[in-house]
There are 2 protein chains.
Amino acid sequence: MPTATVEDYLKQIYLESGEKLLPMGQLATALDVTPGTATAMVKRLAASKMVLYQPYNGVQLTPQGKHTALDVLRRHRLIESFLVEVLKIDWADVHEEAEQLEHAVSPRLLDAIDSLLGHPQFDPHGDPIPDGGGDISHQSNQLLAECQVGSQYRIARIADQRNEFLHFLAKHNLRPGNLVTILSSDPASEAMTLRTDLAGNDVTLAITAASRILVCEP
Amino acid sequence: MPTATVEDYLKQIYLESGEKLLPMGQLATALDVTPGTATAMVKRLAASKMVLYQPYNGVQLTPQGKHTALDVLRRHRLIESFLVEVLKIDWADVHEEAEQLEHAVSPRLLDAIDSLLGHPQFDPHGDPIPDGGGDISHQSNQLLAECQVGSQYRIARIADQRNEFLHFLAKHNLRPGNLVTILSSDPASEAMTLRTDLAGNDVTLAITAASRILVCEP
DNA sequence: AGATAAATTTTGACTTCTCAAAAATATTAT
DNA sequence: ATAATATTTTTGAGAAGTCAAAATTTATCT
Ligand SMILES: [Mn+2]
Ligand SMILES: [Mn+2]
Ligand SMILES: [Mn+2]
Ligand SMILES: [Mn+2]
């Protein structure tokens, strides 16, 4: 069985490398280790056929590595859902918790969680949960920043999972599944204003921030 | 913060050494490591003031070590309770699960579990759950094997947590909290027969087995 | 092209955890 | 009291994971 560290490396490589090679520096930064540490680990990963490693060029998952990465991701996202739904842990805190728990849950326990939640398709941030066979749905959402003024959309996914941002979104009811109407979008001030409910609670945010909110048709 | 391994060592020393010194061999066997490994670890533990170590004699927790051990035990037993109550995991399986999860739950998550369960005093095996301050209730139960024939008792605690035994007990409704009446106890066959419910479902077991079931007055 | 800067790899070192096998110590039996 | 046995400690070794700093390679800029 892979160690917790190996699981985290594989998961990160999956999340950051889309088919392409992921540069070592980026991997090291994401995992908060020195570049040399990442190189050493990626060599071990390559020796065990989990990744393809091209020195000075980057790293990429093998099918085997991708399989493990998706398994870890499934555990991570199911746990996040569970923590929010059942234990009422704050939206913004579940990621850190899941980062540890993902390495400690057995397949049996994960099944129990999956059943209790009714086999959810998406986690609290709108990220898709891979199924037990390693399949993951890849839907195409649009950036809220690039949507039409006056139209209504459904929030689908949050692409920035930093604590402050999630807290801000939660405070203004901007969670996946909820509806928003774009009241205005002003290139001059680089801000847009949204209506988040019928009570007229509006919120204004930077277009850069709105580009981290993915939406779909209502 | 202590590593998972250190936590397991401290917990085990707590469980096996009652005020007295715990011999190295016993510790090594319990943790399934070689004697040399246990010695090496205990030396590190002694260097960090978690245990007192008397070479060739044994090991004992310091107040600081005991504090950590009780904290781990609290996590372990709350998690066991949670797995049984909320996730309906089998009685006999929760120990292994908790052995991993105890090192992965944050204080915040543990609090959420504790609240959801209503601050339970005992885990599914009847073992007392230390409170947040490190206090643990130490009640005196009697061995079912040494009880009066014809009398009724309440099962308080199971002192043998091997899978087969727990499965056997569960099948015959011999769980902490339930009532049993001793129908007979025969020194010749070294067996005793119990009535476990009103429907007349009786069960016969060895007196040695019954000595691992602790009971109290109903 | 040649120099400078940036990214990456190597090297040397350290901690934690582990085992196997040899050495030392303690216990038990004769 | 010796010898035999059991327990414990030491020694030597290795895997995993990490960092700091030096060396190397690649990319960028005159
Ligand atoms: Mn993780
Ligand atoms: Mn998520
Ligand atoms: Mn454990
Ligand atoms: Mn228990």
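All chains are named by letter (A, B, ...) in the order of the sequence lines, taking the proteins before the strands, and each is independently numbered beginning at 1. Because only heavy atoms are used, hydrogens play no part in the values below, and waters and symmetry mates are left out as well, while side chains stay in.
Aromatic pair A:H95/A:H76: ring centres closer than 6.0 Å.
Ion pairing of B:D114 with B:R74 is present here, as a side-chain N (NZ or NE/NH1/NH2) and a carboxylate O approach within less than 4.0 Å.
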Sugar-phosphate or base contact per nucleotide [nucleotides 8-24 of chain D; S, B, -; heavy atom under 4.0 Å]: SBB------SSBS---B
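Using the six-membered ring where Trp is involved, A:F168 and A:H172 have ring planes that are tilted, between 30° and 60° apart.
Taking 4.5 Å as the limit, some side-chain heavy atom of B:N163 sits within range of a side-chain heavy atom of B:E96. No side-chain heavy atom of B:V94 sits under 4.5 Å from any side-chain heavy atom of B:D90.
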